2 protein chains.
Amino acid sequence: MSTIGAGPGTHPGANLAALRDHNAALVLGLLRDAGEAGASRAELAAGTGLTPQAVSKITGRLRESGLAAEAGRRASTGGKPATVLCLVPGAAHALGLHLDRDTLTVTLADLMGAAVATRTTPLAFGAGGDAVLDAVAREVTALLAEAGAPAVLGAGVAAPGPLDHRGGVLHRVTGFPQWDGFPLRDALSERLALPVTLDKDTNAAALGLALRGPRDASSFAYLHLGTGLGAGLVLGGRVHRGARTGAGEFGHQVLQLDGPPCPCGNRGCLEVLCLAAVAAGDTARAARLLGVGAANLVRLLDIDHVLLGGRTVLADPDAYVRGVRAELADATAVRVAPGGDRTVVEGAAELVLAPLFGRGVDEMTIGLSGGH
Amino acid sequence: MSTIGAGPGTHPGANLAALRDHNAALVLGLLRDAGEAGASRAELAAGTGLTPQAVSKITGRLRESGLAAEAGRRASTGGKPATVLCLVPGAAHALGLHLDRDTLTVTLADLMGAAVATRTTPLAFGAGGDAVLDAVAREVTALLAEAGAPAVLGAGVAAPGPLDHRGGVLHRVTGFPQWDGFPLRDALSERLALPVTLDKDTNAAALGLALRGPRDASSFAYLHLGTGLGAGLVLGGRVHRGARTGAGEFGHQVLQLDGPPCPCGNRGCLEVLCLAAVAAGDTARAARLLGVGAANLVRLLDIDHVLLGGRTVLADPDAYVRGVRAELADATAVRVAPGGDRTVVEGAAELVLAPLFGRGVDEMTIGLSGGH
DNA sequence: TGCACTTACGCAACACTGTTGCCAAAGTGG
DNA sequence: CCACTTTGGCAACAGTGTTGCGTAAGTGCA
């Protein structure tokens with residue numbers, strides 16, 4: 001995110017259209033967070049700080065566009081009962097793609113982020129661009145056919161890093177050097193005839209997890225232990241990607257000066273130490289190492305909670321949660337990330353959905369001093 | 001910043017007043033960045049993305065309030081010469097206070113952030129609240145008298161952490177447990193009869209350094225090596241404080257599993273290792289250790305550049321810059337933070353000034369999709 | 001049953017934002 | 001002297017959220 005002021009090409013000035021869209025996204029976000037329970041106009045007004053009248057106008061526009069609808073009424077609290085407004089989940093859909101080293105997962109999510117349909121198939125990531133694009137197109141076509149060909153806003157793609165999420169280009173994926181420089185976003189966009197957003201798998205997962213929680217300024221880290229070790233960071237409610245989408249290189253922090261060499265060129269990286277412990281079957285040690293690294297990160301960033309994911313963790317979740325928790329202060333919650341092996345692909349769909357709710361977008365900021 | 005949505009008590013909804021203030025702050029920020037060279041209305045329009053007419057209205061309000069003024073004209077480029085607009089630096093002032101363990105520094109900064117007057121005096125931080133408040137009030141009075149009693153917007157206070165910048169309360173400052181829980185912000189605010197903002201010394205320094213640079217989304221870390229070792233983080237153009245102002249605990253990352261014990265309770269913290277090297281006079285090792293820790297941080301957060309400061313660094317800046325640079329990839333710039341021993345106190349004044357320019361505030365965000 | 005009260009919400013008029021269309025001012029260049 | 005370019009202001013405009021007030025639809029109590 002973010003270009004507070006002007007990153008190249010952005011315009012930080014705000015006009016009435018930007019203001020309207022911002023407030024609309026805000027209301028949509030509150031409706032999404034409210035889920036099936038919905039929210040009344042009065043509640044939305046309290047949540048946004050806008051006047052009830054403004055909310056009425058905004059929800060009117062949303063209802064007209066089909067994104068929201070009235071859904072019954074609340075019990076009265078002594079006056080006219082509140083009219084419940086709900087997001088219409090089926091009003092729009094988004095595709096999420098998870099390109100892993102050996103698997104392709106494709107999901108179709110509705111506006112609430114709920115998976116409507118999902119397909120998984122083996123993937124030879126090393127087979128090169130055309131083969132992978134073919135496989136993706138085939139799976140997407142099949143998935144949309146299954147789901148009855150709904151309208152789709154776009155596709156979010158989660159891929160192994162490093163990559164450039166702004167340019168939509170892959171870099172030197174470990175083990176697959178042939179992908180270096182491949183313009184995956186544009187190639188997929190042309191192939192699918194849809195807008196495509198590309199991001200690192202860990203960032204996509206973090207975004208998805210951020211959207212499951214309340215729309216607040218919370219900070220957390222998603223730690224992914226699989227074939228490698230990476231992190232997705234959500235700081236102050238936003239995914240932190242860094243200038244070159246390089247943030248989250250969690251595995252290559254040096255934990256042991258002059259320790260064993262790592263392919264990255266350094267010595268004593270968390271990743272080599274941790275993967276060695278995993279390979280040796282010493283889960284307790286791997287968990288402890290993960291915990292020490294997590295503690296470094298938590299202290300540096302003042303993070304609220306830590307979510308664990310990835311194949312290795314999912315193989316023995318309790319051991320990892322216990323081990324990590326032991327290294328952290330009590331104030332920091334440690335949990336397994338909800339969603340299991342779907343965490344990443346569901347986050348990928350959120351790459352498309354989140355901007356509708358004003359989340360995870362490159363944004364500018366507006367002060368509040370002049371309010372009310 | 002940030003509360004994308006609503007941190008407790010904030011209102012993310014944007015009304016016309018918020019929009020006006022945002023754009024005014026934006027223009028003011030561009031004028032500040034332009035410095036004495038100033039900027040024409042057309043340049044401001046290009047920088048904000050607003051129409052020239054909107055800029056004319058906004059600058060009209062700013063001129064009316066005395067914050068900006070016309071200052072001559074540019075050479076013509078083939079048409080009517082542009083009228084140069086400048087910030088009026090003397091239109092408002094802010095106090096910056098740096099409470100260190102043994103020194104009190106007070107500065108008066110103008111709107112450009114330039115120090116108009118500065119006083120430094122020894123301070124017995126352990127003498128307790130009343131004594132420190134007395135000393136601060138005395139120095140501030142003397143400073144304002146020196147400067148001719150200008151109008152002051154408020155005071156920004158930089159203090160050793162940990163502390164709570166939202167509540168304005170100190171926590172257990174290392175070596176001075178008696179300060180734990182002291183409501184420094186409110187006490188000072190009453191004593192000085194001014195609005196007061198409190199923040200950690202490293203955060204204040206980072207904010208000041210962020211404002212020296214362009215208003216972009218750059219990320220950097222300010223590493224402060226003095227009696228302790230801490231960091232101020234600027235991520236995507238904004239100071240990252242964390243939920244409890246606890247971010248920046250850079251010194252207590254574990255660099256050496258099962259290394260020497262640290263007062264914090266862990267073993268092998270960067271701080272004990274580094275301070276031991278400093279105490280032993282081994283600057284090269286201290287610098288290398290600092291570099292390893294910095295590299296961990298840079299990789300984790302994808303940071304553009306690293307600025308070094310603090311007494312120990314300033315005693316032998318070249319050695320530290322060299323040592324840190326050796327541990328980092330070439331893409332990361334390493335420099336000594338400008339400002340020398342004034343870095344922190346000048347940043348403290350920015351705690352008051354930055355919000356005028358829409359920087360460093362707890363903000364909400366507004367999307368840009370509807371623009372132009 | 002009737003009435004006061006509370007709560008939810010919309011209509012209409014309003015204040016104020018940035019935008020558009022147009023024009024004047026003030027230079028350059030032939 | 002005239003055509004052209006660039007800057008920037010005035011006036012009318014579209015559209016935002018706000019305010020004032022009226023209406024709908026419940027509860028609670030005599």
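In this text the structure is predicted, and so the values were computed from the model without any measurement.
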Within the pair [X] and [N], is there a side-chain N or O less than 4.0 Å away from OP1 or OP2?
| X | N | answer |
| --- | --- | --- |
| A:Arg41 | C:dA8 | no |
| B:Asn23 | C:dT17 | no |
| B:Asn15 | D:dT16 | no |
| B:Arg20 | C:dA15 | no |
| B:Arg73 | D:dG8 | no |
| A:Thr83 | C:dC9 | yes |

Straight-line distance of [X] [atom1] to [Y] [atom2], nearest 0.5 Å:
| X | Y | atom1 | atom2 | value |
| --- | --- | --- | --- | --- |
| B:Leu351 | B:Leu211 | CG | CG | 9.5 Å |
| B:Thr59 | B:Leu31 | OG1 | CG | 8.5 Å |
| B:His240 | A:His240 | NE2 | NE2 | 9.0 Å |

Ignoring the backbone of [X], work out which of [options] is nearest its side chain.
| X | options | answer |
| --- | --- | --- |
| A:Gln53 | D:dG20, C:dT19, D:dT6 | D:dG20 |
| A:Leu19 | D:dA25, C:dC16, D:dT16 | D:dT16 |
| B:Ser76 | C:dG27, C:dT19, D:dT16 | C:dG27 |
| B:Lys80 | C:dA25, C:dT19, D:dT16 | C:dA25 |
| B:Lys57 | C:dT19, D:dT19, D:dA24 | C:dT19 |

Whole-Å gap separating [atom2] ([N]) and [atom1] ([X]):
| X | N | atom1 | atom2 | value |
| --- | --- | --- | --- | --- |
| B:Glu70 | D:dT7 | CD | C1' | 12 Å |
| A:His22 | D:dG17 | NE2 | C1' | 13 Å |
| B:Glu43 | D:dT6 | CD | C1' | 13 Å |
| A:Arg63 | C:dC9 | CZ | P | 10 Å |
| A:Leu16 | D:dT18 | CG | C1' | 14 Å |
| B:Asp21 | D:dG17 | CG | P | 16 Å |

Check every strand shown and say whether A:Pro81 touches a base, only sugar-phosphate, or nothing at a heavy-atom separation below 4.0 Å.
sugar-phosphate

Once you apply a heavy-atom cut-off of 4.0 Å, does A:Arg61 come out as touching a base, just sugar-phosphate, or nothing?
sugar-phosphate

Assuming nearest nucleotide by heavy-atom distance, tell me which of A:Gly79 and A:Ala42 is located more 5' along DNA chain C.
A:Gly79

Give the minimum heavy-atom separation between A:Ala349 and A:Ala94, together with the two atoms involved.
O-CB, 3.9 Å

Looking at B:Leu194, is its backbone amide N or carbonyl O close enough to the side chain of B:Ser189 to form a donor-acceptor pair, meaning the two atoms are under 3.5 Å apart?
yes

